[in-house]
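The structure under discussion appears below in the form of structure tokens.
Given the structure is predicted, the values throughout are model-derived calculations rather than measurements. Sequence lines set the chain letters: A, B, ... in the order given, protein chains first and strands last, and positions in each chain run from 1. All values below were derived from every heavy atom in this structure, side-chain atoms included, with hydrogens, water molecules and symmetry-related copies excluded.
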Number of protein chains: 2
Amino acid sequence: MPSPTPLTETDVLAAIAPEGGRPGGGADASDTAVRIMLAAADAFAANGFPATTTRDIASRAGLSPAGVYVHFASKEVLLFELSRRGHARARDLLVEAARDTPDATTALRAIVGGFSRWHAEHHQLGRIVQFEFRHLSDEHQAEVLGLRKEIDQVVADVLRAGVAAGEFEVDDVRTTALALLSMAIDVARWYVPGGRRTPEAIETTYGELAVRLVRRSVR
Amino acid sequence: MPSPTPLTETDVLAAIAPEGGRPGGGADASDTAVRIMLAAADAFAANGFPATTTRDIASRAGLSPAGVYVHFASKEVLLFELSRRGHARARDLLVEAARDTPDATTALRAIVGGFSRWHAEHHQLGRIVQFEFRHLSDEHQAEVLGLRKEIDQVVADVLRAGVAAGEFEVDDVRTTALALLSMAIDVARWYVPGGRRTPEAIETTYGELAVRLVRRSVR
DNA sequence: GTCTATAGGCAGATAGAC
DNA sequence: GTCTATCTGCCTATAGAC
């Protein structure tokens, strides 16, 4: 059951790219290490983490099985690197989308729309980081959870700003933020390339749905 | 990394129970077959489908590895039976929740709230049927997809009824139905027993969020 | 840093006795 | 219908040469 459309290098690179000079980001990776990560993303997306063999990753990267272990201590560490970089990149995109918006409504539309589109365009990486989470070690799970909380926080902050400005009406900020993220994250689960919905259409539609969910009712 | 709270027999039984006399349902299963399904659900929930061994399933069911193959042709067929029964049960719950409601608003609150609560209470089975889908054979994927479309239809029908009655304002019925289901299904991904949110609170909150998402704005 | 070779173990599924 | 025993193959990870 191979993935219908293999990940392109550009696809994953855009999602796990080194975070530039931002403090707190991870260390840069060598060319070979990046090649292995791309190969692993491809293999995990096609078969899931437990069913993926190190032989498969190695051959996709043009290495012998042993060659992988020079760069990554284990298959699990490879999954962790993809998860960490994917989450960090998604968080950065959210923060950037919320910046320089005139009001909370525009900010919310931008971040939920953009996050939804990201989960369509990068649905294979999205499935890896969302659905293979349990296969990380306890320590690595904790580190990724920290990044997830940062992402929750970006959305919650926009909601609070909108409530304060009188644009939104929200009963429970944290639960509403979670529901908004659920809508976007779940795109990675059901999205199929070439289907009825394009990533651009998803961005527009889901941005509007987000605003509808929190808008103040005029009575 | 075992599951923190093993599935109880009651938990899964409530979700995969034989569908009674309803036409189109699957055949009944023997006591031993049910015991094996419960064991498999427990094991899949704890370790995921590919990482689960037939030996693990067998020992949880109190059988030798070979004993499983008398009742199920393969590990994949076991996953399929759980998926089929889980989806069918969820669909039935939705249909029942929508029945005998005075208006579309009440119906939508009931089905989205109920579906969300189901994904909290049965989050382990929910993860199996939602996240292990790719490991089904093509034929079995197609059969489960048919059940998913029925579920989509129940929600879409309520939305259309609400629009016709002037209760709702919905741009794109199918996309909105999908987004509502996404909110509910994603509960299975993040829910942890004993966390801040109880299944009952999730039912109430998500039912209200659903209504907010589609209510007609009064201007 | 990459290779070949392999250790050491476990997988899914089956044969045949009872 | 269930068992014990086993086939056949593949797995992750490592040792040691180059």
Side-chain angles (χ1 to χ4, degrees), chain A residues 1-2 27-83 128 132-141, chain B residues 1-2 27-83 128 132-141:
Chain A
M1 238 172 304
D28 257 26
S30 72
D31 281 358
T32 305
V34 169
R35 210 171 71 241
I36 294 171
M37 282 194 281
L38 297 176
D42 225 341
F44 293 159
N47 307 313
F49 175 80
T52 295
T53 67
T54 50
R55 290 163 208 281
D56 186 12
I57 296 168
S59 76
R60 285 175 196 258
L63 288 174
S64 70
V68 172
Y69 288 87
V70 175
H71 302 273
F72 297 93
S74 69
K75 196 173 78 160
E76 188 269 344
V77 168
L78 255 171
L79 175 63
F80 170 62
E81 272 304 308
L82 288 173
S83 293
I128 294 169
E132 311 288 2
F133 177 77
R134 62 165 38 167
H135 295 112
L136 294 172
S137 70
D138 289 350
E139 292 76 13
H140 289 158
Q141 284 194 14
Chain B
M1 238 171 306
D28 257 26
S30 72
D31 281 358
T32 306
V34 168
R35 210 171 71 242
I36 294 172
M37 283 194 279
L38 296 176
D42 225 340
F44 293 159
N47 306 313
F49 175 79
T52 296
T53 68
T54 50
R55 287 167 166 75
D56 185 12
I57 296 169
S59 77
R60 286 176 194 258
L63 288 174
S64 70
V68 172
Y69 288 87
V70 174
H71 301 272
F72 297 94
S74 69
K75 195 173 79 159
E76 188 268 344
V77 168
L78 255 172
L79 176 62
F80 170 62
E81 272 304 309
L82 288 174
S83 293
I128 293 170
E132 312 287 3
F133 178 76
R134 63 162 38 162
H135 295 112
L136 294 172
S137 71
D138 289 350
E139 291 76 14
H140 289 159
Q141 284 193 14

Query raised in the report: Is a donor on one side and an acceptor on the other found under 3.5 Å between the side chain of A:Lys75 and the backbone of A:Phe49?
Result: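 Between the backbone of A:Phe49 and the side chain of A:Lys75 there is a qualifying donor-acceptor contact (under 3.5 Å).
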
Query raised in the report: Are the side chain of B:Arg60 and the backbone of B:Arg55 linked by a donor-acceptor contact shorter than 3.5 Å?
Result: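 The answer is no, because no donor-acceptor pair under 3.5 Å joins these two groups.
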
Using whole Å, what does the distance between atom [atom2] of nucleotide [N] and atom [atom1] of [X] come to?
{"X": "B:His71", "N": "C:dT14", "atom1": "NE2", "atom2": "P", "answer": "16 Å"}
{"X": "B:Leu78", "N": "C:dG12", "atom1": "CG", "atom2": "P", "answer": "12 Å"}
{"X": "B:Phe49", "N": "C:dG12", "atom1": "CZ", "atom2": "P", "answer": "9 Å"}
{"X": "A:Ile36", "N": "C:dT2", "atom1": "CD1", "atom2": "C1'", "answer": "11 Å"}
{"X": "B:Tyr69", "N": "C:dT14", "atom1": "OH", "atom2": "C1'", "answer": "9 Å"}
{"X": "B:Glu76", "N": "C:dG12", "atom1": "CD", "atom2": "P", "answer": "13 Å"}
{"X": "B:Ile57", "N": "C:dA11", "atom1": "CD1", "atom2": "P", "answer": "11 Å"}
{"X": "A:Asn47", "N": "D:dC11", "atom1": "CG", "atom2": "C1'", "answer": "14 Å"}

Query raised in the report: Taking NZ, NE, NH1 and NH2 as the nitrogens, is one of them in B:Arg35 or B:Asp31 under 4.0 Å from a carboxylate oxygen of the other?
Result: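 Result for this pair is no, no salt bridge flagged.
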
Query raised in the report: Between D:dT12, D:dC3, D:dA15, which one does the side chain of A:Thr54 approach most closely?
Result: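 Given the options D:dT12, D:dC3, D:dA15, the side chain of A:Thr54 is closest to D:dT12.
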
Query raised in the report: When you measure from the side chain of B:Val70, which nucleotide among C:dG12, D:dA15, D:dG1 comes out closest?
Result: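 Of the options given, the side chain of B:Val70 lies nearest D:dG1.
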
Report yes if at least one side-chain N or O of [X] is closer than 4.0 Å to OP1 or OP2 of [N]; otherwise report no.
{"X": "A:Arg55", "N": "D:dC11", "result": "yes"}
{"X": "B:Thr32", "N": "D:dT2", "result": "yes"}
{"X": "A:Ser64", "N": "C:dT4", "result": "no"}

Query raised in the report: Can you name the nearest heavy-atom pair linking B:Pro50 to B:Glu132, along with the distance?
Result: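 Closest approach of B:Pro50 to B:Glu132: CD-OE1, 4.0 Å.
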
Report task. Begin with the C-alpha distance, continue with both residues' side-chain angles, and end with the deciding distance and a verdict on side-chain hydrogen bond (donor to acceptor under 3.5 Å, both in side chains) for B:His140 and B:Glu76. Result -> CA-CA 9 Å; B:His140 289 159; B:Glu76 188 268 344; 2.7 Å; yes

Query - Contact nearer the 5' end of DNA chain C, comparing A:Leu63 with B:Ser74 - result: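 Taking each residue's closest nucleotide, the earlier one in sequence belongs to A:Leu63.
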
